[in-house]
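Once you've had a glance at the structure underneath, I'll fire off some questions.
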Amino acid sequence: MGATGLAGNQTEYGERLREQTDDQLDTWAAELLRDVAKRRGLPAVIAEFRKDARLDENGFRRVFARGGGAPETIGFDATGRLMIPSISLHFLVLGLHAEVPDARDRLIAYLVARFDEIVYV
């Protein structure tokens with residue numbers, strides 16, 4: 001084991017994540033979205049999730065709505081960054097599964113990319 005409790009580096013972490021159930025990965029991804037939003041802010045979390053999950057703005061909107069998020073709550077902040085209510089972040093995990101066939105791989109990519117963040121949290 002390592003600093004994350006699962007691995008000592010990103011490569012090993014990715015390998016161990018692949019051994020986990022979908023339910024476990026979903027729980028960790030939803031918790032990480034929430035925890036990082038509290039610490040670094042919602043715009044950073046949304047931008048990073050979009051990048052790691054390979055979602056353009058329309059894809060993000062679809063994933064959010066398919067996961068149960070209210071589409072009318074999607075908006076932009078004063079600087080033009082895409083925003084959703086922070087209490088709705090978990091809908092992204094559910095929606096990713098509903099919208100894309102490789103959701104598991106995309107969630108693992110999000111978690112692995114946040115390896116250093118997980119050590120901090």
Side-chain angles (χ1 to χ4, degrees):
M1 297 301 199
T4 65
L6 277 180
N9 59 58
Q10 281 184 305
T11 302
E12 183 183 356
Y13 184 53
E15 292 167 3
R16 293 202 177 189
L17 285 174
R18 292 187 196 302
E19 298 170 358
Q20 303 301 311
T21 65
D22 284 347
D23 287 342
Q24 183 63 68
L25 290 174
D26 293 354
T27 298
W28 285 339
E31 288 175 354
L32 186 60
L33 286 164
R34 181 200 65 221
D35 293 346
V36 175
K38 287 179 186 176
R39 199 168 62 73
R40 290 197 301 117
L42 195 54
V45 170
I46 291 171
E48 291 166 356
F49 184 82
R50 282 183 59 194
K51 177 182 175 257
D52 296 329
R54 301 185 319 271
L55 298 171
D56 61 12
E57 182 180 323
N58 288 333
F60 181 87
R61 289 173 178 273
R62 282 191 308 274
V63 162
F64 181 69
R66 290 280 309 267
E72 61 274 7
T73 63
I74 300 172
F76 298 92
D77 69 6
T79 64
R81 296 177 295 189
L82 193 62
M83 296 291 284
I84 60 172
S86 59
I87 62 170
S88 301
L89 285 166
H90 67 280
F91 291 131
L92 296 171
V93 175
L94 299 171
L96 199 61
H97 283 289
E99 187 67 21
V100 299
D102 63 340
R104 178 181 173 81
D105 291 335
R106 294 183 193 201
L107 289 171
I108 289 172
Y110 174 73
L111 290 165
V112 169
R114 306 279 87 67
F115 177 78
D116 291 331
E117 195 97 36
I118 292 168
V119 173
Y120 180 83
V121 174

Pairs under 3.5 angstrom only: tabulate donor-acceptor contacts from the side chains of residues 92-100 to other protein residues two or more places apart or in another chain.
| unit_1 | atom_1 | unit_2 | atom_2 | d |
| --- | --- | --- | --- | --- |
| His97 | NE2 | Asp26 | OD1 | 2.7 |
| His97 | NE2 | Asp26 | OD2 | 3.2 |
| Glu99 | OE1 | Arg66 | NH1 | 3.0 |
| Glu99 | OE2 | Arg62 | NE | 3.0 |

Inset, instruction - For Pro43 and Asp77, work out which heavy atoms get closest and say how close. - result: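 Closest approach of Pro43 to Asp77, heavy atoms only: CG-OD2, 4.1 Å.
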Legend entry - Electrostatic pair Asp105-Arg54, nearest N-O below 4.0 angstrom: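 Result for this pair is no, no salt bridge flagged.
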Inset, instruction - Flag the pair Arg34 / Ser86 as yes when at least one side-chain heavy-atom distance between them is below 4.5 Å, and no otherwise. - result: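 No, side chains not in contact.
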Inset, instruction - Could you walk me through whether Thr21 and Asp23 pass the side-chain hydrogen bond (donor to acceptor under 3.5 Å, both in side chains) test, one step at a time? - result: CA-CA 5 Å; Thr21 65; Asp23 287 342; 5.4 Å; no
Inset, instruction - Could you give me the CA-CA distance, side-chain angles and deciding distance for Arg114 and Glu48, then say whether side chain to side chain contact (heavy atoms under 4.5 Å, CB included) is met? - result: CA-CA 9 Å; Arg114 306 279 87 67; Glu48 291 166 356; 3.5 Å; yes
Legend entry - Intermediate values then yes/no, side chain to side chain contact (heavy atoms under 4.5 Å, CB included), Tyr110 and Leu33: CA-CA 10 Å; Tyr110 174 73; Leu33 286 164; 3.4 Å; yes
Inset, instruction - Measure the shortest side-chain to side-chain distance between Pro71 and Phe64 over non-hydrogen atoms and say whether it is less than 4.5 angstrom. - result: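 SC-SC contact between Pro71 and Phe64 ruled out.
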Legend entry - Passing candidate, side-chain hydrogen bond (donor to acceptor under 3.5 Å, both in side chains) with Arg16, options Glu12, Glu19, Gln20: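 Considering Glu12, Glu19, Gln20, a side-chain hydrogen bond (donor to acceptor under 3.5 Å, both in side chains) with Arg16 is found only for Glu12.
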Inset, instruction - Take the angle between the ring planes of Phe115 and Tyr13 and call it parallel below 30°, perpendicular above 60°, tilted in between. - result: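 Ring orientation of Phe115 relative to Tyr13: tilted.
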Inset, instruction - Carefully, step by step, assess Phe91 and Val63 under the rule side chain to side chain contact (heavy atoms under 4.5 Å, CB included). - result: CA-CA 8 Å; Phe91 291 131; Val63 162; over 6 Å; no
Inset, instruction - Any chance you could measure Asp22, atom CG, to Leu107, atom CG, to the nearest 0.5 Å? - result: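 If I round to the nearest 0.5 Å, the distance is 8.5 Å.
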Legend entry - pair Leu25-Arg104: side-chain heavy atoms closer than 4.5 Å: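 Yes, their side chains come closer than 4.5 Å.
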Legend entry - Check: Leu17 and Gln24 side chains under 4.5 Å, non-hydrogen atoms: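 A side-chain contact is absent here, since even the closest heavy-atom pair is not under 4.5 Å.
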Inset, instruction - Hey, could you give me the CG/CG distance between Leu111 and Leu32, rounded to the nearest 0.5 Å? - result: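 Rounded to the nearest 0.5 Å, the CG-CG separation comes to 6.0 Å.
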Inset, instruction - Find the distance between CG (Asp56) and CG (Leu82) and round it off to the nearest 0.5 Å. - result: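 The CG atom of Asp56 sits 10.5 Å away from the CG atom of Leu82.
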Inset, instruction - Under the side chain to side chain contact (heavy atoms under 4.5 Å, CB included) rule, what do Ile108 and Arg18 come out as? Steps first, then yes or no, please. - result: CA-CA 7 Å; Ile108 289 172; Arg18 292 187 196 302; 3.4 Å; yes
Legend entry - Side chains of Leu89 and Leu42 in contact at under 4.5 Å (non-hydrogen atoms):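 Yes - at least one pair of side-chain heavy atoms lies under 4.5 Å apart.
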Inset, instruction - Give a yes or no on whether a salt bridge exists between Arg106 and Asp52, defined as a side-chain N under 4.0 angstrom from a carboxylate O. - result: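 Salt bridge absent between Arg106 and Asp52.
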Inset, instruction - Please name the pair of heavy atoms, one in Gln10 and one in Ala113, separated by the smallest distance, quoted to 0.1 Å. - result: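 It is NE2-CA, 4.0 Å.
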